[in-house]
Amino acid sequence: MGDHMENIDGYLMKYTNLVTGWQYRFFVLNNEAGLLEYFVNEQSRPQKPRGTLPLAGAVISPSDEDSHTFTVNAISGEQYKLRATDAKERQHWVSRLQICTQHHTEAMGKSNPPPKSRSYSMASQGSASSPLSQRRPSQNAASFFSMTQLHKGSSLYSSKRSLLPDHLLDAREMMTQAQGQHRDLIQTIEGLPPAAGPLSPLDQDLLMLKATSMATMNCLNDCLHILQLQQVARQRSSLGGPTIEWLEPKLPDILKNGGPLDSFSTEGGPLEGSLLELSATEPCSFSGEEIDGEDEVEDAFTEKEEELGAVEEERSVILHLLSQLKLGMDLTRVVLPTFILEKRSLLEMYADFMSHPDLFVAITDGQGPEERMVRFVEYYLTSFHEGRKGAIAKKPYNPIIGESFHCSWRVPRSGEPAKDAPSTPSPPQGSPTTEGEDGSYQLRFVAEQVSHHPPVSGFYAECPERRMCVNTHVWTKSKFMGMSIGVSMIGEGCLYLLEHDEEYTFTLPCAYARSILTVPWVELGGKVNVNCTKSGYSAVITFQTKPFYGGKLHKVTAEVKHNATSAVVCRVQGEWNGVLEFSYQNGDTCMVDVTKLPVTKKRVRPNDKQGPTESRRLWQHVTESLRQKDIEKATEYKRILEERQRTEERHRTETETPWRTRYFESEGEGWMYHKPLWKTPTLKT
């Protein structure tokens, strides 16, 4: 056995389940036996392994979510999800595992040559002169889809044959051929001369072909792995072993649209006490009183969202949901499972984009229009990290129509995060100053769900003392994209700097939840335009999605330009959740690490001081149930809110009663706050 086949061992993190999460385990690669074994720790190595995974015919897959994670998928359907300490260690393990997998698969195939396999018609099987027909040897090809190299006579093949029926073996063989042709296609495209002939590796159509081919193969591989898991579960069930309901999951009624509400007990059931008021039939009508912030206190809700992790325990629910979806399908009316929810409403998420209010109020301090545009771009790029609370792929609550969220921030003049000070009554609406007792500025925020179909939110923030405000309306439109879900943020915002008589219009990027069948993660993508007509400055911000081959996650670039001269006065590159580098026209550079920026806690009234349709009070039972990890109860509470909304919508339709918003008014194709700062008489110039 050569040096490249030496046994290796060491600690890796292994994902167990949603409750336990990641745990350190000591792994041993046994090349002679073709096994990956693990122990609780290195000291227990002389004992029997805690787990063993045969590598012959296995699939070793580095994850695209980060540079540390990879999976080992055995042909039995069993999977290890592992995480190394860094990219170098991951590559070391992956390469050794692939070499071992290839060695044992090929050795078994040589000692037991398979019968003549069935031939399949493939699109690229043409003349021998075709560049795609000239197959190239590839180590990864052997380890990726290698089922067809196993012979019926081998003991491993015989044991797995009972778990994998003929149709799955046939599918595996077809995918082996498809994977090889996909690899040939990629190598042929990348082997083209850079700038000679009619085509080059950077031709847009060829790049699209590469991306589509890779996405298709990844999706098919995931689907085949799911089918293997289903077959293993059925086989174990027939043998009297533990069962897993993969094929026809029993979904609770609470996940089915139109299910009955009479199952919610009013005596001794999960909906006792104050929750019963949620199912009241009276509509969510509003009075005209203004929100008084005298009861606002510094937010004590500081817990971070837990990692969602692999969705093994909930895979039957996910599979059932995916079976009803089609590519490009609008998910607006699709009820998603509760376990993927964040513990906050979408309206509060918009407020969390203002978690660096010191950068926001500093925009108007720019010495000229160029500096003010650059400051706006800096604020914009640094807002997403805290707003998204990292890259965890959880979904905030869909706001109920008429739901609102109110909060404020105290922004000290020194630029330091504000310390909690005794609460003082907020000045009346329209007051020219909102300065706190500690001498800080006050930035107030209000958001309202103004429409249900389509789902549109409006939010507004103002700092009267700085004479600046921002108004935004957003329509969230979700689409199913196979192994991802895309969310388009349709709408527009406008920042008003009344001191300079400037308006900055801007759009929002798209968000994508990737790898929804394994460990979901979030990335942003798309082009954002910022423009100030009066000053003549504009900016283009590009959130780059990760390419299929190589590349970094969460990359973003930006250019600030003077429109009249087309001169680029500032360039930005980096990661929206990491380090951003600003390069200026004069050669100066500036680095901003968004993970180290001070976060100013928002000030929110306690739930018992809020109105019945304010976000935290409205969703308090769902949030508390999620905190206690009681998914069933959280789903019940969520269902009551959604059913009440549907009932009220039917009532308005039958009585032809239009919905009346409280804080925002329809204006053209958008929504405008009803009392914007520029309408305040005492602030007009």
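Quick caveat, the model's predicted, so the values are computed rather than measured.
- In this structure, D365 does not pair ionically with R372, as no charged nitrogen and carboxylate oxygen lie closer than 4.0 Å.
- One finds no salt bridge joining R644 and E649 here, because no Lys/Arg side-chain nitrogen approaches an Asp/Glu carboxylate oxygen to under 4.0 Å.
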Next item on the list: Given ring pair (Phe, Tyr, Trp, His ring centres under 6.0 Å), test Y663 with Y460 step by step and report yes or no.
Entry: CA-CA 9 Å; Y663 298 106; Y460 173 86; over 10 Å; no

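- Classification of R646 and E643 as a salt-bridged pair holds, one side-chain N sitting under 4.0 Å from a carboxylate O.
- Between F376 and F506, the ring centre distance stays below 6.0 Å.
- Using a 3.5 Å distance cut-off with no hydrogens or angles, the side chains of T507 and N529 do not pair a donor with an acceptor.
- E403 and S345 form a side-chain donor-acceptor contact under 3.5 Å, judged by distance and modelled atom types alone.
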Next item on the list: Run the numbers on N563 and S538 for side-chain hydrogen bond (donor to acceptor under 3.5 Å, both in side chains), then give the verdict.
Entry: CA-CA 7 Å; N563 298 335; S538 63; 2.6 Å; yes

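- Rounding to the nearest 0.5 Å places OG of S535 at 5.0 Å from CE of M373.
- The two residues V377 and A539 make their nearest non-hydrogen contact at CG2-CB, 3.7 Å.
- To the nearest 0.5 Å, atoms CD (Q442) and OG (S408) are separated by 4.5 Å.
- For the pair E502 and T533, the minimum side-chain heavy-atom distance is 4.5 Å or more.
- Not a single donor-acceptor pair under 3.5 Å links the side chain of E648 to the backbone N or O of Q645.
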Next item on the list: Check step by step if side-chain contact (heavy atoms from CB on, under 4.5 Å) holds for V568 and V560.
Entry: CA-CA 6 Å; V568 177; V560 178; over 6 Å; no

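- Between R444 and E296 there is a salt bridge, since at least one side-chain N of the basic residue sits less than 4.0 Å from a carboxylate O of the acidic one.
- Note on E499 versus R467: no salt bridge recorded, every NZ/NE/NH1/NH2 to OD/OE distance being 4.0 Å or above.
- E378 has its side chain out of reach of Y380: every pair of non-hydrogen atoms, C-beta onward, lies at least 4.5 Å apart.
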Next item on the list: Evaluate the criterion side-chain hydrogen bond (donor to acceptor under 3.5 Å, both in side chains) for residue pair S615 and E348; output intermediate values, then yes/no.
Entry: CA-CA 7 Å; S615 295; E348 183 170 354; over 6 Å; no

Next item on the list: Test L508 against V474 for side-chain contact (heavy atoms from CB on, under 4.5 Å), laying out the working first.
Entry: CA-CA 9 Å; L508 296 167; V474 183; 3.4 Å; yes

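- One N or O on the side chain of R617 and one on the backbone of Q610 form a donor-acceptor pair closer than 3.5 Å.
- Pairing each heavy atom of V361 with each of D358, the nearest pair is CG2-O, 3.5 Å.
- Contact check on R662 versus E448 returns no salt bridge, with no Lys/Arg side-chain nitrogen under 4.0 Å from an Asp/Glu carboxylate oxygen.
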Next item on the list: Start with the C-alpha distance between T589 and Y584, add both sets of side-chain angles, then the distance that settles side-chain contact (heavy atoms from CB on, under 4.5 Å), and finish with yes or no.
Entry: CA-CA 6 Å; T589 60; Y584 301 95; 5.9 Å; no

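- Checked for salt-bridge contact, K601 and E386 miss the test: no charged N lies under 4.0 Å from a carboxylate O.
- Of the inter-residue distances, the one linking N471 atom CG with L677 atom CG reads 11.5 Å to the nearest 0.5 angstrom.
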Note to self: I'd like to know whether R616 forms a side-chain contact (heavy atoms from CB on, under 4.5 Å) with T623, so could you lay out the CA-CA distance, the side-chain angles of the two residues, the decisive distance to 0.1 Å, and finally the verdict.
What the structure shows: CA-CA 8 Å; R616 288 199 176 177; T623 300; over 6 Å; no

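- Of all the heavy atoms in A351 and W409, the pair that sits closest is O-CZ2, 3.3 Å.
- A donor-acceptor pair is defined here as one N or O able to donate and one able to accept, closer than 3.5 Å; such a pair exists between the side chain of K534 and the backbone of H500.
- There is no side-chain donor-acceptor pair under 3.5 Å between H562 and E370.
- Considering all non-hydrogen atoms of both residues, W659 and G402 come closest at CZ2-CA, 3.4 Å.
- No side-chain heavy atom of L443 sits less than 4.5 Å from a side-chain heavy atom of E462.
- The SG atom of C532 sits 7.5 Å away from the CG atom of L497 when rounded to the nearest 0.5 Å.
- L618 places a side-chain heavy atom less than 4.5 Å from the side chain of I400.
- Side-chain atoms of F543 and F384, non-hydrogen and from C-beta on, do get closer than 4.5 Å to each other.
- Side chain of H356 to backbone of P598: a donor-acceptor contact under 3.5 angstrom is found.
- Counting all heavy atoms, side chain and backbone alike, C570 lies closest to V374 at CB-CG2, 4.0 Å.
- Q573 contributes no side-chain N or O that, together with a main-chain N or O of A558, makes up a donor-acceptor pair within less than 3.5 Å.
- The heavy-atom pair separating M489 from P509 by the smallest distance is CG-O, 3.0 Å.
- H554 contributes atom NE2, which lies 4.5 Å from atom CG of N577 (distance to the nearest 0.5 angstrom).
- Ring geometry for Y673 versus F664: interplanar angle over 60°, hence perpendicular rather than tilted (30 to 60°).
- Between D299 and R605 there is no salt bridge, since no side-chain N of the basic residue sits under 4.0 Å from a carboxylate O of the acidic one.
- Put simply, the side chain of L346 does not reach to within 4.5 Å of the side chain of N398, judged on heavy atoms.
- When each of E342, K343, M349 is checked for a side chain to side chain contact (heavy atoms under 4.5 Å, CB included) with Y397, only K343 meets the rule.
- For the pair Y350/F445, a side-chain contact is recorded, criterion being any heavy-atom separation below 4.5 Å from C-beta on.
- Here the straight-line distance linking atom CD1 of I363 with atom CD of E371 works out to 11.5 Å at 0.5 Å rounding.
- Remark: R410 fails to qualify as a cation-pi partner of Y441 under the 6.0 Å distance and 45° angle criteria applied to the six-membered ring.
- Counting heavy atoms from C-beta on, the side chains of Y379 and M354 come closer than 4.5 Å.
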